[in-house]
Amino acid sequence: MLLLALLLLLPLLAAARLLWGQWMLRTLHLPPLAPGFLHLLQPNLPIHLLGLTQKLGPVYRVRLGLQEVVVLNSKKTIEEAMVKKWVDFAGRPQTPSFKMVSQNNQDLSVGDYSPLWKAHKKLIRSALLLSMRNSMEPLVQELTLEFCERMQAQAGAPLAIHKEFSLLTCTIICYLTFGNKEDSMVRAFHDCIQDLLSTWHHWSILILDIVPFLRFFPNPVLWKLKRIIKRRDHMVKEQLRQHKDSLVVGQWRDMTDYMLQEMKKQRVEGGAGQLLEGHVHMAMVDLFIGGTDTIASTLSWAVAFLLHHPEIQWRLQEELDRELGPRVPNSWVQYKDRTRLPLLNATIAEVLRLRSSVPLALPHRTTRPSSILGYDIPEGMTIIPNLLGAHLDDAIWEQPHEFRPERFLEPGAPSRALAFGCGARVCVGEPLARLEIFVVLAQLLRAFTLLPAAGHPPSLQPLDKQSTSLWMQPFEVLLQPRTPVPRA
Ligand code: HEM
Ligand SMILES: *[C@@H]1O[C@H](CO)[C@@H](O)[C@H](O)[C@H]1NC(C)=O
């Protein structure tokens, strides 16, 4: 009986809140509201949201479930919010699923904006850039060479390359974070993060963010998610314990050593709390989640586009041979050489534009009342930057759906796209991601010619199950060795 009453009461309360909110908003000059309730069911949400700009302009409101959100669909409006008015737009909505995966809100990527959050971001950024300044590139180079050697052993047979990229990027982040690249550990973390992401993105979890009272119903997927989080936290805690046991003060072997020692030194503005071990814990989780499939997926898309455009692949190989000379086994393609490899650099920019692996970024939340393009944006509003939409805006990009790296080499070309977001919430992993994508593609194209495995290139349509990430449909590639490498 009580349950029934509760079930009836909760939707009523939700509806009352909604009406009250609507009435309050009526006094403001809000962006136009898109008709309809079912936008979330659109298979390709970023493209659908871009389509709505035809009638409504680049900024509009749309209903996602019970809440209204503001969508920004152009580079200009995204930069106005995230760069020019960054403090106003630096928050994150605190949804039930965000809270569940983030251990008492000690997370960076889904954490709300606060002085403590700022200190946390600074810690992670300096862990990546400062503590790894001299070791990041050698590490990426060495692991990429090992990767190419493994690929050499499988050359000539159809290869599901996404899985290989995913293990490589996970190995790199494991080594940077924990100073360990043992196969069993990398696989354990890799599988755990894959499970976590696929469960988290399951509709029966996503719906809890939209219709929160559904969490009072039995939900086996939710139980599974909680089990995976437990497993994740157990693995991370074990690493923390090992690092604390063998720590030498004043020295760091990896990012964990660095963060454990530096967390206490970070000054938090206004004395608002202090960074704790939980923040280091969640930093590791963020690094693994952010640093594995995003990069692997960009690399897979790059391979797919090159399979569709053999002439560009040929020109890239020609550029590498011309600038770097014939390939010597085990030699690096240094990151600083990218200035001599403009076509490769432009190709990467083009892949990031057309298949930004986080096409709708992460949702932002306004920390105080603000405005965009003259429209009022109330405090506490969820904001969705449609990065992919901005990348396909035909007011800026000529024939935006075409894969044409040369567009970045032409005079007056638009500057690079916004695949990593911008402003206070910009991706902390951008420098690492750019380094990895460059080194892996350069080494791969030096060592192999990429050929379609089934006689035809893979589909360029994203898997539309998940419109919040642009994953590829599974595909295989043939790697044909370019220069015979002497066998050891
Ligand atoms: C091609 C690769 C990648 C792409 C396209 C990408 C894209 C993005 C985007 C669009 C955001 C959200 C920005 C916003 O909220 O406005 C983001 C946030 C983030 N990314 Fe990445 N990312 C990539 C790789 C990485 C890597 C390698 C790491 C870690 C090593 C990483 C860690 C993070 C973290 C921690 C955040 C949250 C930042 C915050 O909330 O302030 N990402 N990324
Ligand atoms: C690589 O290409 C992007 C996009 O055109 C450009 O902004 C950047 O300056 C280029 N970098 C180098 C090193 O040429």
Side-chain angles (χ1 to χ4, degrees), residues 72 78-79 81-83 86 89-93 98 102 107-113 117-118 120-125 127-129 132 136 140 165 169-170 172-174 176-177 255 282-302 335-353 355-365 383-388 390-391 405-410 412-438 440 468-470:
L72 309 178
I78 293 173
E79 284 176 345
M82 310 308 171
V83 181
W86 66 271
F89 289 87
R92 291 264 192 246
F98 278 10
S102 73
D107 188 44
L108 176 87
S109 57
V110 304
D112 206 357
Y113 181 72
W117 176 87
K118 263 170 90 178
H120 197 194
K121 185 146 192 180
K122 219 171 121 203
L123 178 71
I124 300 184
R125 191 191 291 263
L128 261 169
L129 294 184
M132 294 292 136
M136 190 189 279
V140 170
F165 284 147
T169 52
C170 192
I172 293 174
I173 200 73
C174 239
L176 285 169
T177 313
M255 291 201 280
M282 285 314 297
M284 295 168 171
V285 173
D286 274 359
L287 291 168
F288 274 89
I289 293 187
T292 304
D293 263 341
T294 48
I295 302 178
S297 146
T298 309
L299 287 167
S300 295
W301 283 116
Y335 191 45
K336 65 172 166 30
D337 286 339
R338 72 193 182 286
T339 50
R340 291 158 59 195
L341 301 165
L343 186 61
L344 180 58
N345 179 53
T347 302
I348 294 171
E350 183 69 339
V351 175
L352 285 167
R353 181 186 71 85
R355 291 294 184 276
S356 326
S357 42
V358 196
L360 298 176
L362 294 170
H364 289 237
R365 191 184 65 86
I383 312 289
I384 297 188
N386 186 1
L387 302 178
L388 186 67
H391 295 168
E406 294 87 349
R407 69 173 80 240
F408 285 103
L409 303 176
E410 289 157 2
S415 61
R416 56 168 79 170
L418 292 173
F420 296 92
C422 53
R425 283 284 180 173
V426 68
C427 173
V428 272
E430 176 171 357
L432 174 64
R434 289 195 181 275
L435 170 70
E436 282 187 44
I437 294 167
F438 175 86
V440 175
T468 47
S469 21
L470 278 186

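Counting convention: from 1, in listed order, for ligands and their atoms alike. When reading the values below, keep in mind they use all heavy atoms of this one structure, side chains included, and skip hydrogens, waters and symmetry mates.
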Discussion item. Which residue is it: Leu108, Asp107, Leu362? I am looking for the one with a side-chain contact (heavy atoms from CB on, under 4.5 Å) to Arg92.
Written reply: Leu362

Interfacing atoms of ligand 1 (cut-off 4.0 Å, heavy-atom, [X]):
{"X": "Leu108", "answer": "35 (C), 40 (O)"}
{"X": "Lys121", "answer": "38 (C), 39 (C), 41 (O)"}
{"X": "Leu362", "answer": "12 (C), 15 (O)"}
{"X": "Ser109", "answer": "37 (C), 40 (O)"}
{"X": "Val428", "answer": "32 (C), 33 (C), 34 (C), 35 (C)"}

Discussion item. Quick one, Ser297 with Leu470, criterion side-chain contact (heavy atoms from CB on, under 4.5 Å). Give me CA distance, side-chain angles, the key distance, then yes/no.
Written reply: CA-CA 8 Å; Ser297 146; Leu470 278 186; 5.6 Å; no

Discussion item. For atom 5 (O) of ligand 2, is there a protein heavy atom at a distance under 4.0 Å?
Written reply: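 Yes, there is one.
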
Below 4.5 Å, heavy atoms only, C-beta onward: do [X] and [Y] meet side chain to side chain?
{"X": "Met82", "Y": "Leu418", "value": "no"}
{"X": "Asp293", "Y": "Ser357", "value": "no"}
{"X": "Met255", "Y": "Ile124", "value": "no"}
{"X": "Phe420", "Y": "Ser356", "value": "no"}

Discussion item. One pair to check against side-chain contact (heavy atoms from CB on, under 4.5 Å): Leu299 and Glu436. What are the steps and the verdict?
Written reply: CA-CA 9 Å; Leu299 287 167; Glu436 282 187 44; 5.9 Å; no

For [atom], find the nearest protein heavy atom and state the residue, atom name and distance (0.1 Å precision).
{"atom": "atom 20 (N) of ligand 1", "result": "Cys427 SG, 3.2 Å"}
{"atom": "atom 7 (O) of ligand 2", "result": "Arg416 NE, 3.7 Å"}
{"atom": "atom 13 (C) of ligand 1", "result": "Arg425 O, 3.3 Å"}
{"atom": "atom 26 (C) of ligand 1", "result": "Gly290 O, 3.3 Å"}
{"atom": "atom 3 (C) of ligand 1", "result": "Phe420 CE2, 3.3 Å"}

Heavy atom of [X] under 4.0 Å from ligand 1?
{"X": "Glu430", "result": "no"}
{"X": "His364", "result": "yes"}
{"X": "Ala419", "result": "yes"}

Worksheet item: So how far is it from Leu352 CG to Arg434 CZ, rounded to the nearest 0.5 Å?
Response: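 With rounding to 0.5 Å, CG (Leu352) is 6.0 Å from CZ (Arg434).
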
Counting each atom of ligand 2 from 1 as listed, which ones have a heavy atom of [X] under 4.0 Å away?
{"X": "Arg338", "result": "13 (C)"}
{"X": "Asn345", "result": "1 (C), 2 (O), 3 (C), 8 (C), 10 (C), 11 (N), 12 (C), 14 (O)"}
{"X": "Thr339", "result": "13 (C)"}

Worksheet entry | Ala424 backbone acceptor or donor facing Lys118 side chain under 3.5 Å |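 No.
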
Fill in: Any donor-acceptor N/O pair, His364 side chain to Ile383 backbone, under 3.5 Å
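Side chain of His364 to backbone of Ile383, a donor-acceptor pair under 3.5 Å: no, none is there.
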
Worksheet entry | Arg338 to Tyr335 six-membered ring, cation-pi geometry met (6.0 Å, 45°) |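 Pair Arg338/Tyr335 counts as cation-pi.
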
Does an N or O anywhere in [X] fall below 3.5 Å from an N or O of ligand 1?
{"X": "Thr298", "result": "no"}
{"X": "Ser357", "result": "no"}
{"X": "Arg92", "result": "yes"}

Worksheet entry | Distance-minimising heavy-atom pair for Gly91 and Asp112 | CA-OD1, 3.2 Å

Discussion item. If you compare all heavy atoms of Cys422 against all heavy atoms of Ile78, which two are closest, and at what distance to 0.1 Å?
Written reply: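 Minimum heavy-atom contact is SG-CG2, 4.1 Å.
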
Does ligand 1 have a heavy atom under 4.0 Å from the side chain of [X], from its backbone, from both, or from neither?
{"X": "Leu387", "value": "side chain"}
{"X": "Ile173", "value": "side chain"}
{"X": "Trp117", "value": "side chain"}

